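Here the structure comes first, spelled out in structure tokens, and everything after it is commentary.
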Amino acid sequence: MIRLAVRAAILHRDRVLVVNAYPGQASDLWCLPGGGVEPHAPLPENLAREVREETGLTITVGAPFLVNEFHDPDRRFHQVEIHFRATLTGPDRLTLADPEGIVNRARWVTRAELAMLRHKPDGLAVAIWSADAAGYDALERIVP
């Protein structure tokens with residue numbers, strides 16, 4: 001079964017928000033905020049809800065800019081992620097209150113700082129700071 005997820009590239013003061021979504025800080029891998037899609041709700045609504053739950057931020061969801069896939073054949077896990085551009089509609093004060101307890105850290109980073117962090121998908125920085133149309137980042141094996 002394929003899990004569908006949505007993620008937000010929230011650019012603010014030429015920085016993007018990244019989160020660590022591994023319980024107990026078990027990994028140094030960073031990604032954009034977001035999460036699994038609940039059925040019967042539009043993707044932008046799912047994304048705004050996920051960002052608000054994880055970070056306390058309110059956003060307006062823009063256009064998609066990247067589709068990415070992760071899989072772990074050993075666990076039979078396959079996730080398709082749709083990345084959207086987003087803008088803040090409220091204060092930029094982070095309050096980590098993820099009800100699932102998965103997101104444990106968040107930070108605003110520049111493109112150069114993102115390059116120094118281990119993150120997924122691999123082509124994220126290029127896609128975020130590019131004016132190109134939506135792209136597809138090929139299937140990657142998930143890493144812990």
Side-chain angles (χ1 to χ4, degrees), residues 1-12 14-89 92 94-144:
M1 184 151 134
I2 295 177
R3 179 178 192 258
L4 180 61
V6 287
R7 301 218 172 268
I10 308 165
L11 280 173
H12 182 60
D14 203 33
R15 295 176 185 269
V16 68
L17 181 66
V18 292
V19 298
N20 182 281
Y22 286 88
Q25 299 187 14
S27 176
D28 64 343
L29 187 66
W30 295 81
C31 62
L32 296 179
V37 170
E38 292 180 1
H40 313 293
L43 297 178
E45 185 179 303
N46 271 284
L47 183 52
R49 174 190 45 78
E50 283 286 338
V51 168
R52 188 175 50 257
E53 286 177 358
E54 291 178 359
T55 67
L57 299 175
T58 56
I59 60 169
T60 297
V61 178
F65 70 94
L66 179 65
V67 174
N68 184 66
E69 293 184 84
F70 290 107
H71 76 125
D72 181 348
D74 299 332
R75 292 186 353 207
R76 299 185 56 155
F77 176 82
H78 187 161
Q79 179 165 293
V80 174
E81 296 183 338
I82 303 171
H83 294 75
F84 290 83
R85 299 192 186 282
T87 54
L88 284 175
T89 57
D92 62 0
L94 294 170
T95 56
L96 295 182
D98 183 5
E100 296 177 20
I102 296 171
V103 172
N104 58 72
R105 290 174 280 169
R107 61 193 277 203
W108 295 97
V109 296
T110 64
R111 184 175 183 170
E113 290 167 336
L114 181 60
M116 302 302 293
L117 295 175
R118 194 166 76 101
H119 65 276
K120 287 293 182 183
D122 293 338
L124 187 60
V126 170
I128 289 172
W129 277 278
S130 171
D132 293 341
Y136 171 72
D137 194 44
L139 182 66
E140 297 179 36
R141 187 175 180 111
I142 197 166
V143 294

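Atoms considered below: every heavy atom in the structure, side chains included; atoms not considered: hydrogens, waters and symmetry mates. Predicted model only: the values in this text are computed from it and were never measured.
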Handout entry: Spatial distance of atom CG (L96) from atom CZ (R105) [nearest 0.5 Å]
Key = 10.5 Å
Practice task
Decide yes or no for H12 and L17: does some side-chain heavy atom of the first lie under 4.5 Å from some side-chain heavy atom of the second?
Solution key: no
Handout entry: Chi angles and distances behind the side-chain contact (heavy atoms from CB on, under 4.5 Å) call for W129, V16
Key = CA-CA 10 Å; W129 277 278; V16 68; 3.6 Å; yes
Problem - Contact list for residues 30-52, test salt bridge (charged side-chain N to carboxylate O under 4.0 Å, His left out), sequence neighbours left out - result: E38-R49, R49-E53
Practice task
Identify the two heavy atoms, one from I10 and one from P33, that lie closest to each other, and give their separation to 0.1 Å.
Solution key: CD1-CG, 4.3 Å
Handout entry: Side chain proximity check, H83 to L124, heavy atoms < 4.5 angstrom
Key = yes
Practice task
Starting at OG1 of T87, measure out to CG of L11 and round the result to the nearest 0.5 Å.
Solution key: 10.0 Å
Handout entry: Atom pair OG1 (T58) and CG (L88), whose distance is rounded to the nearest 0.5 Å
Key = 7.0 Å
Practice task
Flag the pair V61 / V6 as yes when at least one side-chain heavy-atom distance between them is below 4.5 Å, and no otherwise.
Solution key: no
Practice task
Mind listing the closest non-hydrogen atom pair of P73 and H71 along with its distance?
Solution key: CD-ND1, 3.5 Å
Fill in the blank from the handout: Applying side chain to side chain contact (heavy atoms under 4.5 Å, CB included) to R15 and not counting sequence neighbours gives W108, T110, E113
Problem - Nearest non-hydrogen partners of A106 and L94, listed with the distance - result: CB-CD1, 4.0 Å
Problem - Heavy-atom closest contact (R85 atom, S130 atom, distance) - result: NH2-O, 2.8 Å
Exercise for the section: To the nearest 0.5 angstrom, please state how far the CG atom of N20 sits from the CG atom of N104. Expected result: 4.5 Å
Practice task
Return the minimal non-hydrogen interatomic distance between L66 and A127, and the atom names on each side.
Solution key: CD2-CB, 4.1 Å
Practice task
Measure the shortest side-chain to side-chain distance between Q79 and E81 over non-hydrogen atoms and say whether it is less than 4.5 angstrom.
Solution key: yes
Practice task
Only counting residues at least two apart or in another chain, list the ones meeting salt bridge (Lys or Arg N to Asp or Glu O under 4.0 Å) with E54.
Solution key: none
Fill in the blank from the handout: dist H78:NE2 -> F70:CZ (nearest 0.5 Å) comes out at 10.5 Å
Fill in the blank from the handout: Nearest heavy-atom contact between L43 and I82 is CD1-CD1, 3.8 Å
Practice task
Would you check if V126 and R111 make a side-chain contact, meaning some heavy-atom pair closer than 4.5 Å?
Solution key: yes
Practice task
State the CG-CG distance between L4 and N46, to the nearest 0.5 angstrom.
Solution key: 8.0 Å
Practice task
Please examine the side chains of C31 and V19, heavy atoms only from C-beta on, and report whether any two atoms are closer than 4.5 Å.
Solution key: yes
Practice task
Would you sort out whether N68 and R7 count as a side-chain contact (heavy atoms from CB on, under 4.5 Å), showing the intermediate values?
Solution key: CA-CA 10 Å; N68 184 66; R7 301 218 172 268; over 6 Å; no
